[in-house]
2 protein chains.
Amino acid sequence: MTTHMMIELIAVLTAVRGDIPQVMTIDHGRQLPSGPLESTHRSLQAGVRAWVERQTGHPIGHVEQLYTFADHDRILSSTQGRMIAISYLALTRSHAGETGWRDWYDYFPWENCKSDEGRTSLALIERLLCHWVAGMGHAAERVRQWQRCVSLFAIGDMVAWNDELVLQRYELLYEAGLVAEAGCAPDRAVPGQSMHHDHRRILATAMARLRARIRYRPVVFELMPEAFTLLQLQRVMESLSGVHVHKQNFRRLIMQQQLVEETGEIEERTGGRPARLFRFCGEVRQARQFVGTKIPLVQP
Amino acid sequence: MTTHMMIELIAVLTAVRGDIPQVMTIDHGRQLPSGPLESTHRSLQAGVRAWVERQTGHPIGHVEQLYTFADHDRILSSTQGRMIAISYLALTRSHAGETGWRDWYDYFPWENCKSDEGRTSLALIERLLCHWVAGMGHAAERVRQWQRCVSLFAIGDMVAWNDELVLQRYELLYEAGLVAEAGCAPDRAVPGQSMHHDHRRILATAMARLRARIRYRPVVFELMPEAFTLLQLQRVMESLSGVHVHKQNFRRLIMQQQLVEETGEIEERTGGRPARLFRFCGEVRQARQFVGTKIPLVQP
DNA sequence: TCGACTTATACTCAATATGAGCATAAATGG
DNA sequence: CCATTTATGCTCATATTGAGTATAAGTCGA
């Protein structure tokens with residue numbers, strides 16, 4: 001009796017191509033890669049790592065457990081099958097010419113406030129949510145839910161946009177019946193590709209976690225090439241978090257924390273003045289790996 | 001074939017008595033309460049909640065998943081039995097006259113830097129770690145591990161104490177063979193009660209998570225009585241985090257964030273000038289529940 | 001009753017951190 | 001040569017933070 005078949009590992013494998021965060025998918029972008037826990041795996045983390053590295057051929061940097069959930073439907077139908085899913089966030093560096101990679105913001109256009117597409121998406125969501133709230137019976141409930149919409153989507157400038165609330169925003173849209181996973185009609189749905197099962201929800205969890213991590217931990221560098229300019233680093237930070245940063249202040253903070261050191265090389269193809277290339281000070285930082293990192297992320 | 005027997009839920013149920021954080025235990029303080037996932041549970045979270053509330057009779061406030069791990073020994077011996085453990089942090093308010101509650105710092109004396117016991121414990125750890133590192137073969141490894149000791153235990157004032165690194169500190173002591181769980185001789189072990197299996201490790205995870213949470217989320221109030229003075233609140237924050245806060249600055253931040261409102265009552269038994277009583281502004285805050293909370297935690 | 005001690009609460013002040021802008025340098029392409 | 005682009009150095013006002021002073025209002029013991 002092999003009982004470990006019931007444990008499923010789901011990976012949100014993330015990389016950055018150019019400036020754009022991407023996620024590894026299967027089934028034409030409809031699912032996240034997943035696999036069973038095998039008895040040869042020494043631990044869950046090792047299981048994910050081994051399996052993803054075999055699948056992509058790339059070494060994985062940061063691996064982090066996200067969340068474990070019971071698949072409710074499967075519990076009740078007491079047939080054999082997957083019962084517990086454990087999701088992981090994994091970061092890798094490059095992936096030239098591989099298939100299965102999709103942009104984060106194909107699934108969550110509204111999370112990319114930097115882009116025009118994101119802003120129009122947000123404007124549409126605002127109208128749809130307004131309509132959803134208006135259709136509620138109780139006035140008190142109407143007020144409560146509208147407050148929730150306002151604080152999650154930063155409607156009306158009363159509250160600032162919080163880039164870490166990816167999951168909460170998705171859940172609100174789900175409750176409002178504005179995503180395909182909630183079974184709504186396509187014309188009523190918000191823009192953004194849907195996924196099978198609750199995989200888009202898991203992706204939202206991963207995005208939120210990564211956005212939180214890059215603020216305090218030097219994990220961005222797991223996604224960067226060996227050498228990079230400060231603007232490249234800034235662009236990656238911006239596209240991960242979905243918000244703009246002030247260029248000079250960003251440089252100031254990166255430099256004064258001594259997160260990076262010059263390689264001595266110069267990047268010529270900047271389109272303007274050539275830029276110095278930097279590398280992550282992994283060696284020096286490893287010693288004090290528990291000292292926090294501060295990355296400034298502000299609104300435009 | 002009931003397959004759900006293999007999933008174990010482990011709860012770190014935390015409350016505060018007086019000013020002291022406590023954890024619910026069984027087996028004379030040697031284990032954390034745990035139970036199997038049942039098919040009647042609608043979700044994992046609901047399972048933990050239902051089961052803990054039945055066990056203690058108290059309503060639970062905040063519940064949060066901590067970590068999922070595979071019990072390695074059980075995987076290899078392919079007998080039936082528990083295989084996956086999912087741990088949770090749960091907060092509750094009061095527990096007058098119940099058994100099983102133990103102080104956090106019975107298990108982690110060194111995490112309570114406020115107390116004299118914590119400081120002597122830390123001084124001893126410093127000596128033991130120094131001895132451990134000195135016995136290493138390679139000089140490079142010696143340097144690397146000593147750096148790790150220094151940054152985790154804030155040895156020599158080169159780096160500040162980080163109260164959120166509870167788990168990392170425990171893991172270092174485990175690797176150094178200084179805790180009973182690592183199979184060391186009692187006279188070589190660091191002070192602090194041990195637990196069965198990896199339960200002390202799970203407790204460390206829970207403490208770290210709660211210390212991180214109370215900084216940015218108003219979860220402290222789940223542990224406070226209905227009405228409290230600002231000093232009581234401060235004392236609870238201090239004993240959860242294990243570090244001192246500056247009284248006036250603490251008040252300033254709490255007040256200007258409008259986390260609390262006056263009840264109008266006065267607490268007379270302060271030992272000094274009577275203090276105003278406050279309650280948590282849950283209603284007002286619920287609307288903007290995603291706005292961050294800032295609690296100042298500094299070194300003495 | 002007085003005085004030492006405790007806690008509560010208000011306010012000040014200096015050091016930093018942060019957000020935003022200005023200015024200059026060094027490349028490109030017409 | 002000039003407009004444009006990016007890089008990089010510097011300033012400045014404001015907000016936040018850490019730490020201290022001052023005063024108020026109780027308790028307790030001699």
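Below, all heavy atoms of this structure are taken into account, side chains as well, without hydrogens, waters or symmetry copies. Just so it is clear: chains get the letters A, B, ... in the order the sequence lines come, proteins before strands, and each one is counted from 1.
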Under 3.5 Å between N/O atoms: give me all the protein pairs with nucleotides 10-14 of chain D, atom names plus distance.
none

Nearest-Å distance, CG (A:Leu253) to C1' (D:dT8)? 16 Å
Below the 4.0 Å mark, does C:dT7 have OP1 or OP2 next to a side-chain nitrogen or oxygen of B:Lys247? no
Check whether any side-chain N or O of A:Arg251 sits under 4.0 Å from OP1 or OP2 of D:dA7, and answer yes or no. no
Specify the separation, in whole Å, of atom CD of A:Gln256 and atom P of C:dA17. 7 Å
Below the 4.0 Å mark, does C:dA10 have OP1 or OP2 next to a side-chain nitrogen or oxygen of B:Arg276? yes
note: B:His246, atom NE2; C:dA14, atom C1'; distance rounded to Å ~ 13 Å
Nucleotide N/O to protein N/O under 3.5 Å, stretch nucleotides 2-5 of chain C:
none

With the side chain counted from C-beta on, respond yes when A:Met207 and A:Val12 share a heavy-atom pair under 4.5 Å apart, and no when they do not. no
Output yes when A:Asp19 and A:Lys114 qualify as a salt bridge under the 4.0 Å nitrogen-oxygen rule, no when they do not. no
Rounding to an integer number of Å, can you tell me how far B:Phe228 CZ sits from C:dA8 P? 14 Å
Value in whole Å for how far the C1' atom of D:dA25 lies from CZ of B:Arg273: 5 Å
When the distance from CD1 of B:Ile266 to C1' of D:dG26 is rounded to whole Å, what number comes out? 12 Å
Does the structure place the NZ or CZ of B:Arg211 under 6.0 Å from the centre of the six-membered ring of B:Trp161, at an angle of no more than 45° from the ring's axis? no
Taking only Lys NZ, Arg NE, NH1 and NH2, and the carboxylate oxygens of Asp or Glu, determine whether A:Arg213 and A:Glu222 approach each other closer than 4.0 Å. no
State whether the side chain of A:Arg276 and the backbone N or O of A:Ile266 hold a donor-acceptor pair below 3.5 Å, judged by distance alone. no
Heavy-atom count check: over 12 atoms from other residues, nucleotides or ligands less than 6.0 Å from A:Glu262 CD? yes
How is B:Leu230 classified with respect to the nucleic acid when contacts are heavy atoms under 4.0 Å: base, sugar-phosphate, or nothing? nothing
Rounded to whole Å, CG of A:Leu277 lies from C1' of D:dT6 at a distance of 14 Å
Specify the separation, in whole Å, of atom NE2 of A:His244 and atom C1' of C:dA20. 15 Å
Kindly say whether A:Phe221 contributes a backbone atom to a donor-acceptor pair with the side chain of A:Arg93 at under 3.5 angstrom? yes
Backbone of B:Leu152 reached by a side-chain donor or acceptor of B:Arg169 within 3.5 Å: yes
Anything under 30° is parallel, anything over 60° is perpendicular, the rest tilted; go ahead and classify A:Phe108 against A:Tyr170. perpendicular
